[in-house]
Amino acid sequence: MPLPDRPKGFDDLLPDDVPRYEHVIGSFRRVAEAAGFREIRTPLLEDLGLFQRSLGEVTDVVQKEMFTVPRQEETLALRPEGTASVVRAYLAASLHKTAPFQKLYYAGPMFRAEQPQSGRRRQFDQCGVEALGSSSPLLDAEVMAVAVRSFEAMGLRNVELRVNSIGDAGDREVFRAALTEHMRAHLGARCDDCKERFTRNVFRMLDCKVPGCQPSNASAPRFLDHLGATSRARFDATLAGLTALGVEHAVDHGIVRGFDYYTHTVFELLCRDVGARSAVCGGGRYDTLISDGGGPELGATGFAIGVIPTLVALEKQGHPKAQRGEPGIDAFVAAVTEGERLPAFRLADRLRGAGLGADCDFEDKKLKAQFKQADRRGARLVVILGPEEVANGRVKIRDLRAGEDLELPDDAALPAALAARLCAPPRADGS
RNA sequence: GUGACUGUAGCUCAGUUGGUUAGAGCACCGGUUUGUGGCACCGGGGGUCGGCGGUUCAAGUCCGCUCAGUCACCCCA
C-alpha cells in the first residue's frame with residue numbers, strides 16, 4: 001500500500017539538499033554573530049491572536065494564509081513569520097525590564113497556506129535579526145548592513161538595497177489622505193487589481209507593475225515629502241549611517257511593507273537575475289509593537305531573509321554551493337569474504353573512535369562493488385580485510401587518491417596511522 | 001481564489017498521419033578482471049504510458065472528466 005502524498009507546498013530535504021540550506025543559514029549566522037546578535041528559538045506554534053494583533057487583521061497572511069490548530073479552548077497557529085514571536089518572548093521574559101537592549105537572531109521554518117510556485121512553499125525557512133529596545137537610526141543602518149553582508153558571505157551577486165521611510169502613525173495618516181486623493185482622481189486609468197487595492201490598501205498601488213499604472217504612480221505624492229521634521233531627520237540619519245558603513249543603497253518610494261507593524265525605515269533587498277519576485281530579504285523598524293504588546297515605549301528594527309528565494313537566486317547564478325553535493329567519509333573497510341564481515345564491522349568502529357569518518361558494507365556486496373561504493377562515498381582510503389590479513393593480524397590499504405597500495409599491522413596504532421595518511425597529500429611518492 | 005502549461009523507467013526525455021513484444025541517455029546490477037574504484041566495452045533488471053470513462057477493428061497518440069505537478073497573477077519574506 002502506498003503511503004499518502006506529502007502535503008502540497010511541503011518539501012522533503014534529502015541529504016543532497018541540506019548543505020545548500022546550511023550554506024545560506026550558516027553564512028547569515030556568522031555575519032549576525034559577528035555583529036553581536038545572539039540566537040533565540042521560539043515555538044513554531046503560537047496563539048492565533050498573537051499574529052492577528054501583530055501583523056494586522058486585514059492582511060492576507062492573517063485572513064487566508066494561516067495554518068490553524070484548534071485545541072480545546074484555544075486556537076493555535078503555525079507561525080507565518082518570526083518577529084511577532086520574538087517580541088512576545090522578549091516581553092514574556094521581562095527583558096524589557098532587565099536588559100531592554102537585545103540583539104537577537106533566529107532561523108527556522110515558517111508556514112503560510114499560499115499557492116506554491118517558484119521560490120514559495122507553504123513551509124519555508126527564514127533567517128533574520130531583531131534589534132529590540134532602541135530607536136537609534138544607526139541601528140537601522142546596522143541591520144541593513146548585516147543583511148547585505150550576509151548575502152556577500154553567501155556569494156550572491158547583484159543584490160541591491162532599496163530603502164524608504166513610512167514615518168510614524170501620524171505621518172502615515174497625512175500621507176494616506178494625500179495618496180487617496182491622488183489615486184481617486186486617477187482611478188479610471190488604473191488596472192482592476194488597483195481598483196481593488198484602492199479600498200483594501202492604497203499604499204500597495206505604489207508598487208503595481210502594470211505599465212498603464214506607472215504614470216499615475218510617477219506623479220503620486222511621496223512618503224518622504226509627507227514626513228514630519230523628526231521622521232525626516234531620522235531617515236537622513238539612517239541613510240548617513242549606511243553611507244558611513246559604505247553600504248550601497250537606493251531610496252525607493254515604492255517600497256511598502258505588508259505588515260501593519262512597520263514604522264519609519266522599511267527596506268528590501270532585491271536580486272536581479274531572479275524572475276517573478278526578486279526580493280530575497282525584507283525588513284524595517286517597528287516602534288510600536290513592543291508597547292502594543294503591553295511593554296514600554298521601546299523601538300525595534302529587524303529583517304528576515306527568505307532562504308528559498310535566496311537559493312533560487314544562487315542557483316540562477318550557478319553558485320557552486322547551490323549545487324547538490326555529498327559530504328562523504330574518510331575510509332571504507334572492505335571485507336573480502338563473508339568471514340571478514342564482523343572484523344570489518346569492528347574495525348570501522350575503531351576508526352570512528354579515532355575521529356575518522358568510516359563505514360563498511362551492509363549489503364553483502366562483492367569486493368569490487370565495495371570499492372565502487374567507497375569511491376562513490378568519497379572515501380580516500382579502502383581498508384581491506386581478507387582471510388590472510390585476519391590470520392596475520394595485518395590489513396591492506398588502498399589509497400584511492402594516490403592510487404597506491406600498502407600493508408600495515410592491525411594494531412592499536414592503526415587508526416592513528418590512517419588519520420595521519422589522510423592529512424598527507426595524495427602524492428606520497430616524491431618524499 | 002484566478003489563469004496557462006505539463007504528466008511515458010529512479011532521473012532527463014524521444015515516441016513520426018492512431019497500427020505488432022513502448023525506446024534512448026544517465027543511474028542501478030552483473031561481466032570482461034574467480035581479492036582492488038574512477039575510464040572503456042558487453043550484458044541485465046526495471047514501465048498499471050497519472051487515473052477513470054469514451055470514440056475506433058486498433059489509443060502512449062484523438063475526445064471528456066478527474067487527480068497531481070509546474071509557472072504566473074492576487075498577496076508576500
Side-chain angles (χ1 to χ4, degrees), chain A residues 2 4-9 11 14 16 55-56 58-65 79-83 107 109-122 124-128 147 191-197 200-201 204 207-210 255-259 262 266-271 274-284 302-310 312-313 324 332 334-337 339-340 363 365-390 395-405:
Chain A
D5 290 337
R6 44 161 213 233
K8 178 198 285 277
D11 294 334
L14 300 178
D16 282 354
L55 311 188
V58 299
T59 55
D60 264 38
V61 169
V62 167
Q63 284 193 332
K64 45 185 208 192
E65 294 176 1
R79 61 184 188 187
E81 57 98 57
T83 304
M110 309 293 166
F111 306 84
R112 293 185 199 174
E114 295 184 286
Q115 197 57 236
Q117 64 186 64
S118 176
R120 325 174 63 171
R121 319 299 300 163
R122 290 186 163 186
F124 54 97
D125 284 312
Q126 278 189 349
C127 47
C191 65
D192 289 347
D193 285 331
C194 277
K195 284 168 183 149
E196 182 71 25
R197 284 188 268 246
R200 266 178 65 81
N201 185 355
R204 280 271 153 226
D207 63 1
C208 182
K209 300 144 215 103
V210 175
I255 299 289
V256 185
R257 313 268 46 241
F259 301 136
Y262 285 107
V266 289
F267 64 93
E268 286 181 8
L269 272 69
L270 311 180
C271 180
V274 187
R277 176 68 181 183
S278 56
V280 288
C281 174
F303 69 74
I305 289 170
V307 174
I308 299 177
T310 301
V312 170
R324 290 151 159 256
F332 192 93
V336 176
T337 74
E340 292 84 52
E363 301 167 282
K365 284 179 190 278
K366 307 206 303 193
L367 185 65
K368 187 184 172 74
Q370 292 183 58
F371 265 80
K372 210 170 175 182
Q373 183 68 211
D375 185 51
R376 233 196 332 261
R377 301 276 297 276
R380 174 166 167 189
L381 302 178
V382 178
V383 182
I384 305 150
L385 283 181
E388 294 170 31
E389 287 81 1
V390 170
V395 296
K396 284 218 171 92
I397 314 289
R398 181 169 177 85
D399 185 326
L400 296 181
R401 301 277 161 78
E404 61 181 8
D405 296 295

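We name chains A, B, ... by the order of the sequence lines, and we start the count at 1 in each one.
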Please classify the nucleic acid contact of A:Lys396 as base, sugar-phosphate, or nothing, using heavy-atom distances under 4.0 Å.
base

What is the pairing partner of B:rA72, taking Watson-Crick or G-U wobble pairs with both distances under 3.5 Å in any strand?
B:rU2

A:Val382 pairs by side-chain contact (heavy atoms from CB on, under 4.5 Å) with which of A:Ile397, A:Leu400, A:Asp375?
A:Leu400

Is A:Arg197 touching bases, backbone alone, or none of the nucleic acid, heavy atoms closer than 4.0 Å?
sugar-phosphate

Confirm from the modelled atom types if A:Gln117 and B:rG69 form a donor-acceptor pair under 3.5 Å, side chain to base only.
no

Could you tell me whether A:Arg121 contacts a base, only the sugar-phosphate backbone, or nothing, with contacts defined as non-hydrogen atoms closer than 4.0 Å?
sugar-phosphate

With a 3.5 Å cut-off and heavy atoms only, can you find an N or O donor on one side and an acceptor on the other between the side chain of A:Arg120 and the base of B:rC75?
yes

Paired with B:rU20 by Watson-Crick or G-U wobble geometry, both distances under 3.5 Å: which nucleotide is it?
none

Using a distance-only criterion (donor-acceptor N/O pair, under 3.5 Å, no hydrogens), is the base of B:rA77 paired with the side chain of A:Gln126?
yes

Separation of the P atoms in B:rG31 and B:rU36, to the nearest angstrom
11 Å

Against A:Arg112, only a single residue in A:Glu81, A:Arg120, A:Arg121 fulfils side-chain contact (heavy atoms from CB on, under 4.5 Å); can you say which?
A:Glu81

Distance check needed: B:rC76 P versus A:Tyr262 OH, whole Å only.
11 Å

Mind calculating the distance between CD (A:Gln373) and P (B:rG37) to the nearest angstrom?
14 Å

What contact category does A:Glu363 fall into here, base, sugar-phosphate, or nothing, at under 4.0 angstrom with non-hydrogen atoms?
nothing

If I pick the C1' atom on B:rA77 and the same atom on B:rA24, what distance separates them, to the nearest angstrom?
43 Å

On the side chain of A:Arg376, is there an atom forming a donor-acceptor pair with the base of B:rG37 - under 3.5 Å, no angle test?
no

Which one, B:rG1, B:rA77, B:rU36, comes nearest to the side chain of A:Asp405?
B:rU36

B:rA59 to B:rC63 separation - P atoms, rounded to the nearest Å
15 Å

Checking all strands, does A:Glu114 fall into the base, sugar-phosphate, or nothing category for heavy-atom contacts under 4.0 angstrom?
base

Using both distances under 3.5 Å as the test, list the Watson-Crick or G-U wobble partner of B:rA59, or none.
none

Identified pairing partner of B:rG7, criterion: Watson-Crick or G-U wobble below 3.5 Å
B:rC67

